[in-house]
Amino acid sequence: MKPSSGSIPKPLLQDGQGQALYALLQQLNESQWWNAEQLARGQLQQLKKLIGYAIAHSPFYKQHLRDVDLNNLDLNSINALPLLTRAQLQENNGNIDCSQLPETHGVVSESMTSGSTGIPVKLRSTALTSTLWNAINMREQLWHKRQMDKVSASIRWHGEPIGLPPDGVHFTDWGLPVNLFFKTAASYFLNSSSAITAQLQWLQKIQPGYLMTHPSNLRALLQQMRQDESELDCILQVRTVGESISDDLRSSVIEQLNAKLVDLYSSEELGYIAIQCPLHDHYHIQSESVLVEVLREDGSACDLNESGKIVVSSLRNYATPLIRYEIGDYGELSEPCPCGRGLPVMKRIHGRVRNMLTHPDGSKHWPNFGFRKFMQVANIKQFQVVQHGLSEIELKLVLDSVLSAEQEAAIKNILSESLGHPFDIDISYHSSLTRSNNGKFEDFISLLAAKGQDAN
Ligand SMILES: [Zn+2]
């Protein structure tokens with residue numbers, strides 16, 4: 001049975017982007033109520049098309065998936081297909097891309113990401129994937145009944161030194177895709193590398209109804225507010241992205257801000273993976289765009305409510321096909337949602353939690369590294385930044401050859417600038433970088449807490 005699903009708003013304009021999105025949103029509005037079997041059938045069809053295309057047009061997949069019997073592939077037998085690791089993706093950068101694309105997939109764009117593994121890779125996506133990602137973005141706004149006449153604020157990572165305090169950046173509306181459907185209030189952006197106290201002043205000034213930020217940055221904001229005994233009573237929802245959240249963080253948002261926390265699981269390479277149910281704290285996998293598996297270390301599928309590594313196939317991106325891609329996060333699938341949506345439920349996501357950087361004056365900052373610029377200096381395979389003291393930073397690098405003195409100086413400059421302070425930076429070379437005890441890789445580690453130099 002399909003509960004009332006709410007109607008899709010009409011786009012403001014008669015033609016253009018809004019109309020294409022409107023058609024797709026109507027489809028998504030239907031497919032969210034499909035049962036598990038219907039969804040799985042659709043996914044298998046998409047996956048087979050993608051694999052066939054990748055074998056035909058990607059030199060990497062031609063080899064990697066050479067043993068696949070496409071005719072007899074079903075959702076149980078995909079377990080026998082090889083996984084794609086982040087390291088393989090990096091080693092085969094370029095070679096993994098499809099040499100040609102269906103015309104209907106539109107313009108190709110390229111991006112660079114370090115994900116949560118400190119391993120930088122180049123990725124391509126298409127106009128088709130960005131339309132789908134915009135539609136899911138819109139779905140998320142509608143699920144959570146956002147009031148578009150409220151101001152929206154975002155405090156997020158940005159690789160360039162833009163959006164700095166005291167003003168950040170002001171936009172006249174909420175931007176794409178919401179502004180295709182609604183006349184919205186203004187939105188504002190502040191770089192998450194800004195000091196926490198400056199962020200709070202900024203929020204007090206613009207009084208947003210919605211705040212989007214990274215969980216570790218949110219934790220630091222709430223901590224600062226407790227310390228100052230300050231309040232912020234304008235916020236209706238805090239939207240988090242980019243790291244895992246805890247039940248504690250959800251409760252603090254209710255207690256301190258009288259607001260709801262709405263989390264989002266996405267990545268630069270895969271777009272939206274799962275979004276929070278409008279009625280519950282767990283997530284619905286975005287099955288129209290991704291196929292998600294949760295696996296044990298031996299590669300077998302986990303049972304429901306059993307934690308394992310998350311493996312994602314991006315069903316519509318033919319430009320850089322990601323088939324059974326190990327994203328580096330852990331999670332748990334769970335029973336179907338009482339809300340009636342057939343989209344599978346992911347109960348918990350254990351991803352990255354980033355430490356905060358401390359400047360010598362004691363101020364806390366969510367660290368930026370400038371890794372995109374590192375890559376213009378040298379072909380870095382993996383990196384990790386460690387804060388040893390108030391002014392001592394170590395940059396651990398994995399690469400094929402040692403850097404020249406000029407390259408080292410250039411990289412230190414980029415890092416200093418990105419961290420927002422002229423720290424003493426030491427570069428060290430490693431053949432590999434280890435994961436923390438929970439198996440997760442952390443691209444930034446602060447050892448100050450352990451040394452008792454950190455008040456929090
Ligand atoms: Zn639900």
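Note that the structure is a prediction, hence the values are computed from the model and not measured. Every number for a ligand or one of its atoms is a count from 1 in the order of the listing.
With rounding to the nearest 0.5 Å, the separation of CD in Gln384 from CD1 in Ile445 is 4.0 Å.
Remark: Tyr272 engages no residue in a ring-ring contact (aromatic ring centres under 6.0 Å, His included) (not counting sequence neighbours). Contacts of Trp202 classified as ring-ring contact (aromatic ring centres under 6.0 Å, His included), with partners at least two apart in sequence or in another chain: none.
Contact check for Arg348 versus Asp247: side-chain heavy atoms found under the 4.5 Å cut-off.
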Can you give the donor-acceptor pairs under 3.5 Å from side chains of residues 95-107 to other protein atoms, not counting sequence neighbours?
residue	atom	partner	partner atom	Å
Asp97	OD1	Thr320	OG1	2.8
Asp97	OD2	Arg124	NE	3.3
Ser99	OG	His57	O	3.3

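For the Zn ion (ligand 1), the neighbouring protein N/O/S atoms at less than 2.8 Å, given as residue and atom, are Cys277 SG, His284 NE2, Cys337 SG, Cys339 SG.
Judged by the 6.0 Å and 45° rule, Arg341 forms a cation-pi pair with Trp143.
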